[in-house]
Amino acid sequence: MGESTQEAIERLLAEGLDQYGMGQVAQAVRLWRQVLSLDPGNTEAREYLETAGDEAGPAEAAPQASPAADHDGTAALLEAGLGCLRDDDAEGALELLETLEKRDPDGLEVHGYIEMVRSRLLKQYRERFGSGQRVPVPRMPAEQMLKFNLPAEAGFLLSLVDGRTSIEDLISVCGMDEFRVLRILSQMLAAGIVELES
């Protein structure tokens, strides 16, 4: 069964705290704003945003679906995802749309939005990483990386990052598509786990 709205809210709150703890304040703010898109009255998200020095203005105006018309929160999730797109937050949009996809794997509308967002992000990732010949390098010893509690896919990719293997070669050997590899590398770069050799 897919993730409920409440589960999505709890996950976003927790991920925001993780990002905030790693010094990624902008990422944390983005995640907590997503919570307010789903639940505009969420006091926990508002407190976190105040602590982060953000007033959470635009999220307050996010449209709310009526409970009768949206008892499972699907319309609210879709609206929040599209709101992220309008705010030029493709990463946030993709996270919300993927949550929707888990609920309804056959939803063609959501698949279409996901493909559009993936295409936009892939272009951004390619611009960020430039040539596939660039080499990601770990920025810290393996024992320090454990504190990040990486998902299995990211942990596997990180195990291949040895300071000698290019991005192009990582894509060839890891068994993931280019988008997944570049997305994970982008997240690890933002978190300070890896850096790119110039």
Side-chain angles (χ1 to χ4, degrees), residues 1-105 107 109-118 120-121 124-125 147-154 179-180 183-184 186-193:
M1 189 169 182
E3 186 179 46
S4 71
T5 302
Q6 187 55 41
E7 288 169 338
I9 287 169
E10 289 169 9
R11 176 179 56 79
L12 290 166
L13 286 169
E15 286 177 7
L17 285 173
D18 287 344
Q19 293 293 326
Y20 191 75
M22 291 187 294
Q24 301 295 319
V25 178
Q27 284 283 84
V29 165
R30 179 179 60 77
L31 291 163
W32 294 329
R33 280 180 173 269
Q34 287 177 35
V35 171
L36 291 181
S37 294
L38 296 172
D39 176 14
N42 190 289
T43 53
E44 203 172 345
R46 288 186 180 283
E47 287 170 6
Y48 293 158
L49 285 164
E50 284 175 27
T51 302
D54 183 85
E55 292 305 313
E60 293 178 31
Q64 299 177 45
S66 76
D70 188 30
H71 65 308
D72 66 350
T74 300
L77 268 177
L78 181 58
E79 183 54 42
L82 296 178
C84 287
L85 265 183
R86 285 190 294 273
D87 293 339
D88 215 19
D89 178 11
E91 287 281 359
L94 185 59
E95 287 175 20
L96 291 169
L97 292 168
E98 285 175 339
T99 299
L100 260 180
E101 185 183 39
K102 288 175 191 165
R103 287 187 185 184
D104 181 15
E109 182 183 23
V110 173
H111 281 301
Y113 284 128
I114 286 175
E115 288 310 309
M116 179 182 71
V117 174
R118 281 174 59 106
R120 184 183 297 182
L121 281 171
Q124 290 175 11
Y125 296 151
K147 72 177 181 182
F148 290 100
N149 196 19
L150 297 171
E153 203 174 41
F179 177 81
R180 289 296 308 144
R183 185 181 188 194
I184 292 169
S186 180
Q187 291 166 341
M188 290 195 291
L189 197 62
I193 297 172

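Please read these numbers as outputs of a predicted model, since none were measured by experiment. In this chain, residues are counted from 1 in sequence order.
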Derivation and outcome, side chain to side chain contact (heavy atoms under 4.5 Å, CB included), residues Leu97 and Leu78: CA-CA 7 Å; Leu97 292 168; Leu78 181 58; 3.9 Å; yes

Candidate pair Glu15 and Glu95, rule side chain to side chain contact (heavy atoms under 4.5 Å, CB included), full reasoning: CA-CA 12 Å; Glu15 286 177 7; Glu95 287 175 20; 4.1 Å; yes

Side chains of [X] and [Y]: does their closest heavy-atom pair fall under 4.5 Å?
X      : Y      : result
Leu121 : Gln124 : yes
Arg33  : Asp87  : no
Cys84  : Gln34  : yes
Glu91  : Arg183 : yes
Arg103 : Thr5   : yes
Leu85  : Asp89  : no
Leu96  : Leu100 : no
Leu12  : Leu38  : yes

Just how far is it from atom [atom1] of [X] to atom [atom2] of [Y], taken to the nearest 0.5 Å?
X      : Y      : atom1 : atom2 : value
Met116 : Leu94  : CE    : CG    : 10.5 Å
Leu189 : Tyr125 : CG    : OH    : 11.5 Å
Ile9   : Leu31  : CD1   : CG    : 13.0 Å
Glu44  : Trp32  : CD    : CH2   : 9.5 Å
Phe179 : Ser186 : CZ    : OG    : 9.5 Å
Arg46  : Leu49  : CZ    : CG    : 8.0 Å

Nearest heavy-atom neighbours spanning Val117 and Ala90: CG1-O, 3.4 Å

Taking every non-hydrogen atom, the tightest pair across Ala28 and Gly16: CB-O, 3.2 Å

Those residues that, when tested against Glu109, pass side-chain hydrogen bond (donor to acceptor under 3.5 Å, both in side chains) (two or more places apart): none

All side-chain hydrogen bond (donor to acceptor under 3.5 Å, both in side chains) counterparts of Asn42, not counting sequence neighbours: Asp39

Flag, side chain of Glu101 to backbone of Glu98, donor-acceptor distance under 3.5 Å: no

Heavy-atom donor-acceptor pair, Arg120 side chain to Asp88 backbone, under 3.5 Å: no

By ring-ring contact (aromatic ring centres under 6.0 Å, His included) - contacts of Tyr113 (at least two apart): none

Pair Arg11, Thr99: side-chain N/O donor-acceptor within cut-off below 3.5 Å: yes

